[in-house]
Amino acid sequence: MIVSRRETWLGRVLLIILMLVTIVPFVSLFITALHKPGTYPSGLALPETPYWSNFVDAFTAANMGALLWSSALIEVGVVPVALLIATLAGFSLGHLRPPGHRVIFLAFVIGLTLPFQAVIVPLYYQMRDVGLLNTRWAIILPLIGLYMPFAVMWMRAHFVNMPEDLSEAARIDGANTWKLFARIHLPLSTPALSSLGILMFLWTWNQFLLAVVLVDDPTKRTMAGALGAFQGQWGTDIPLLCAGSLLILTPTLLVFLAFQRQFVSALMQGALKG
């Protein structure tokens, strides 16, 4: 495809603008976190004396060691289980196509239109009735269910594009449905699985609403959910609040930077399959 020089420069300018729009808020947050505690910084002016101790104080004040452990437990409870269920369902709907698979697929499509806010009140009463309120299970179980529509459609989109010749050749060699899934299709779905896992990790780590409504103990919430309690305690200390926010954002940025190639690879694979 031939691209003119004007289009090339226009694309670069748009990328620079988007990059600035994305980076400037983080830079502002970082600069504000370096100011003296208890002050109200304005603009993007660097302080004369940077207070790096704000990050240590925020880590200690928010008890982030316990929050990291709680978030890790929630991630372990949500991401592997959701990946397993979504992969099995996506393989069934996208490749095996059992009777009624179109109706089931339509049900998942409808589920995509259901926002978290619409089910938060019924979830609260349901978790209370089963005795899971104020526990990590009150976050883990709803998140698995709420992720299913998107996760199943993501994996179905992968399996529906897999060539039928692979399955036919494997069945001729004597492979049953389980071996067909585990030995043929599952290894080939690594890019789709890794990218979906990254997305669910980021969504779970940044989950705020369910954590705040369904769990009263901040040490049993996600890192983002605990920010609400931290803000209530240190809401007037803007530098300390910004330092705490950056500490909460850091793990998600590290995970995305570490696995960005796998994520882009999966997106490009889906684009090429068309």
Side-chain angles (χ1 to χ4, degrees), residues 16-79 116 134-136 138-140 143 197-264:
I16 292 174
I17 293 174
L18 290 174
M19 183 181 66
L20 291 175
V21 170
T22 304
I23 293 178
V24 167
F26 290 97
V27 174
S28 175
L29 204 65
F30 179 73
I31 292 176
T32 304
L34 296 178
H35 282 75
K36 183 178 180 180
T39 60
Y40 293 88
S42 59
L44 296 176
L46 285 169
E48 296 181 0
T49 303
Y51 285 81
W52 296 99
S53 59
N54 286 343
F55 294 96
V56 179
D57 295 340
F59 189 92
T60 304
N63 195 13
M64 287 192 179
L67 294 179
L68 284 170
W69 175 247
S70 178
S71 293
L73 291 177
I74 294 173
E75 293 282 358
V76 170
V78 172
V79 177
F116 283 18
N134 201 32
T135 66
R136 294 186 183 94
I139 302 175
I140 294 173
L143 283 181
I198 294 170
L199 285 175
M200 288 197 293
F201 175 87
L202 298 177
W203 293 342
T204 303
W205 191 274
N206 295 323
Q207 179 54 231
F208 179 82
L209 182 61
L210 293 181
V212 171
V213 175
L214 302 178
V215 179
D216 294 331
D217 187 356
T219 59
K220 295 181 180 179
R221 296 174 178 172
T222 59
M223 291 284 285
L227 182 62
F230 184 76
Q231 182 179 1
Q233 185 178 1
W234 302 96
T236 56
D237 198 329
I238 304 301
L240 203 62
L241 183 61
C242 291
S245 301
L246 285 174
L247 290 175
I248 291 173
L249 290 172
T250 299
T252 60
L253 294 176
L254 294 178
V255 168
F256 183 78
L257 291 175
F259 296 100
Q260 61 175 330
R261 289 190 177 182
Q262 290 85 342
F263 186 73
V264 174

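Just so you know, these numbers use all the heavy atoms, side chains as well, and skip hydrogens, waters and symmetry mates.
Residues forming a side chain to side chain donor-acceptor pair (under 3.5 Å) with Ser71 (at least two apart in sequence, or on another chain): none. With sequence neighbours excluded, the residues satisfying side chain to side chain donor-acceptor pair (under 3.5 Å) with Thr219 are Asp217. Residues that satisfy the side chain to side chain donor-acceptor pair (under 3.5 Å) test with Thr204, not counting sequence neighbours, are Tyr147.
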Could you walk me through whether Asn54 and His35 pass the side chain to side chain contact (heavy atoms under 4.5 Å, CB included) check? CA-CA 8 Å; Asn54 286 343; His35 282 75; 5.7 Å; no
Let me see the working for Leu34 and Phe55 under side chain to side chain contact (heavy atoms under 4.5 Å, CB included), right down to the final yes or no. CA-CA 9 Å; Leu34 296 178; Phe55 294 96; 3.9 Å; yes
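Between Trp205 and Pro251, the closest side-chain pair of non-hydrogen atoms falls below 4.5 Å. Counting heavy atoms from C-beta outward, Thr39 and Pro239 have side chains that approach closer than 4.5 Å. Counting heavy atoms from C-beta outward, Thr222 and Asn206 have side chains that stay 4.5 Å or more apart. At a threshold of 4.5 Å between non-hydrogen side-chain atoms, the residues Tyr51 and Val56 do not count as touching.
Once rounded to the nearest 0.5 Å, the distance linking CG of Asn63 with CG of Leu68 reads 9.5 Å. The OG1 atom of Thr22 sits 11.5 Å away from the CD1 atom of Ile17 when rounded to the nearest 0.5 Å. Thr252 contributes atom OG1, which lies 14.0 Å from atom CH2 of Trp203 (distance to the nearest 0.5 angstrom). Going from atom CD1 of Ile140 over to atom CG of Leu210 covers 12.0 Å, rounded to the nearest 0.5 Å. Between Leu249 atom CG and Phe30 atom CZ the span is 13.5 Å, to the nearest 0.5 Å. In this structure, Leu240 CG and Ser245 OG are separated by 9.5 Å, a value rounded to the nearest 0.5 Å.
Closest of all the heavy-atom pairs between Met223 and Ile248 is O-CD1, 3.4 Å.
The backbone N or O of Asn134 lies less than 3.5 Å from no partner atom in the side chain of Asp216, so there is not a single donor-acceptor pair. With Thr32 contributing its side chain and Cys242 its backbone, the two residues share no donor-acceptor pair below 3.5 Å. Looking at Thr60, its side chain never comes within 3.5 Å of a backbone N or O of Asp57 through a donor-acceptor pair. With hydrogens and angles disregarded, no donor-acceptor distance shorter than 3.5 Å links the side chain of Glu75 to the backbone of Gly77.
Exactly one of Lys220, Arg221, Arg136 qualifies for a side chain to side chain donor-acceptor pair (under 3.5 Å) with Ser70. That residue is Arg136.
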